[in-house]
Engineer: 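Sharing a structure here in C-alpha cells format.
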Amino acid sequence: MIDFNATKCGASPFLPQKCMIRAITKLAQDNYLFEVQLDNKEMFANCKAGQFFQVYVPGSGEAPISISALSRKNCLEFCVRKIGRVTSALFQTKPGDWIGLRGPYGNGFPIERMEGKNIIMVAGGLGVAPLRSLWHSILDDRAKFGKIVLIYGMKHSQDLLFRNEFRQLIQRHDMEVFVAAEEINGPSIAALDFQIGRVTDLLNLAHFDQEYVAALCGPPVMYRFVVDELKKRGLHDQNIFLSLERHMKCGMGKCGHCSIGGHFACLEGPVFSLAQLNFMKEVVECHGPSL
Ligand SMILES: Cc1cc2nc3c(=O)[nH]c(=O)nc-3n(C[C@H](O)[C@H](O)[C@H](O)COP(=O)(O)OP(=O)(O)OC[C@H]3O[C@@H](n4cnc5c(N)ncnc54)[C@H](O)[C@@H]3O)c2cc1C
C-alpha cells in the first residue's frame, strides 16, 4: 500500500497526493459524485476543464477520472460510474475517508480557442461528466463567449445526471439546452423538457451553423453520427473537439497503454480535434469512416 506520508511536492510523480473526500452524492443508480479536497493549491490552480486525475483507492488501485467541476475551497468533483475494481472500492468510501490523486493530466478542452466563438457541446451518457467542467468554465466567464448550445442524451431517463443543474440551465436565456433519452421512465422528470430520442435528433432542433466550435464527449458510437451531423452543417474539422477514452495507466506518456495512432492519449489528449484524428489511422478504423 502507498505511504501517503511520503507524498510531497517534488517527490516521485507516481506518488498520489493524499486527499479527503468531503461529500458523496448519488446522481443516479451506480453514478455518484465525489467532492474531494485538494490541499495542494498549485495542483488545483493547474486544473483545466477536460483534464483528468488518476484516482487511487488504497488497496484497490488507480483509475483515470475526469474533472467534472472545480468547486468551492480547492475541491474537485468527480462523477464516477461503478464499473470494476477501483470504482467499486470508491463507492465503499464515505465522507472523511482519504483517497489519492495524481494529476491533473491531459490537455483538456482548448477553452482559449473557444473564446469569442459560438459553442455547441454534445454529451452522451457519462460523457456529461467532463463536459460539465467545460460549461462551468464558459458560464463563469459568459461574456467572453458567443452563443451556446448544450445537448445531452442518454439511453434511459433514469440515468440522467445533474438533474437539478439541468433544471437551472434550461431556465437560462443565454443558452439553448436540450435533453433527450431514448426511453423515458422512472423518477419524476418534472420541469425538465425531456425529448424522446437520441442526441442526433436534438441536433436537428438546435440552432447552429458552420461558425460554431463543437465539444463532444460520449461513447464512441455517438461520435460517428454526431460528427456526420456537424459536418452536414458545415463545421470545420479543426473546430470539432472530441474527448477520447483509452485504457490508461501512468497518465504521463510512459507506459504506452493509451497509445493511439502513434500518439499518447494521456499526454496529447484526451481531447483531439477531428482534424488531428483524421491523421490517426487507428481511430478511423475504430470509429468508422466519419472519423
Ligand atoms: C481520460 C479518461 C477519463 C475518464 N473519466 C471518467 C469519469 O469521469 N468517470 C468515470 O466513471 N469513468 C471515467 N473513465 C473511465 C474509467 O477510468 C474506467 O471505467 C476505469 O476502468 C474504471 O476502473 P475500475 O477499476 O473500476 O474498472 P476495471 O476493473 O479496470 O474495468 C472494468 C471493465 O471496463 C473495461 N475498461 C476499463 N477502462 C476502459 C476504457 N477506457 N475503455 C474501454 N473499456 C474499459 C475493462 O477492460 C473491464 O472490462 C475515464 C477514462 C479515461 C481514460
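Every number for a ligand or one of its atoms is a count from 1 in the order of the listing. On a predicted model such as this, the values are computed, not experimentally measured, just so you know. One is the number of the first residue; the rest follow in order along the sequence.
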Engineer: Which of the numbered atoms in ligand 1 are under 4.0 angstrom from any heavy atom belonging to Val80?
Structural biologist: 11 (O)
Engineer: Is there a side-chain contact between Arg142 and Asp174 in this structure, where contact means two heavy atoms from C-beta onward sitting under 4.5 Å apart?
Structural biologist: yes
Engineer: Do any N/O atoms on Leu244 end up under 3.5 angstrom from N/O atoms on ligand 1?
Structural biologist: no
Engineer: Quick one: is the NZ or CZ of Arg233 closer than 6.0 Å to the six-membered ring centre of Tyr212, and within 45° of its axis?
Structural biologist: no
Engineer: Evaluate Arg81 for polar contact with ligand 1, using N/O atom pairs at a separation under 3.5 Å.
Structural biologist: yes
Engineer: Mark yes or no for whether Asn107, through its side chain, and Val271, through its backbone, hold a donor-acceptor pair below 3.5 Å.
Structural biologist: yes
Engineer: Hey, looking at atom 13 (C) of ligand 1, which of Pro64, Ser66, Ser60 has the closest heavy atom?
Structural biologist: Pro64
Engineer: Provide the number and element of each atom of ligand 1 under 4.0 Å from a heavy atom of Leu126.
Structural biologist: 9 (N), 10 (C), 11 (O), 12 (N)
Engineer: Just let me know how Ser243 lines up against ligand 1, side chain, backbone, both or neither, with a heavy-atom cut-off below 4.0 Å.
Structural biologist: neither
Engineer: Using the ring of Tyr56 (Phe, Tyr or Trp, six-membered ring only), decide whether Arg102 places NZ or CZ under 6.0 Å from its centre and within 45 degrees of its axis.
Structural biologist: no
Engineer: Please confirm whether Ala63 comes within less than 3.5 Å of ligand 1 when only nitrogen or oxygen atoms on both sides are compared.
Structural biologist: no
Engineer: Rounded to the nearest 0.5 Å, what separates atom CD1 in Ile65 from atom SG in Cys79?
Structural biologist: 9.0 Å
Engineer: Between Gly84, Ala129, Pro130, flag the one that comes closest to atom 28 (P) of ligand 1 by a heavy atom.
Structural biologist: Gly84
Engineer: Phe52 heavy atoms, cut-off 4.0 Å: which ligand 1 atoms fall inside?
Structural biologist: 1 (C)
Engineer: Looking only at the side chains, is there a donor atom on one of Trp135 and Glu165 sitting less than 3.5 Å from an acceptor on the other?
Structural biologist: yes
Engineer: Ignoring hydrogens, just give me the one of Ile83, Thr87, Val86 whose non-hydrogen atom is nearest atom 34 (O) of ligand 1.
Structural biologist: Ile83
Engineer: State which residues pass ring pair (Phe, Tyr, Trp, His ring centres under 6.0 Å) with Phe109; sequence neighbours excluded, sorted by chain then number.
Structural biologist: none
Engineer: Under the ring pair (Phe, Tyr, Trp, His ring centres under 6.0 Å) test, which residues partner Phe91, sequence neighbours left out?
Structural biologist: Tyr32, Phe34
Engineer: Of the choices Ile65, Leu90, Asn31, which has the non-hydrogen atom that lies closest to atom 12 (N) of ligand 1?
Structural biologist: Ile65
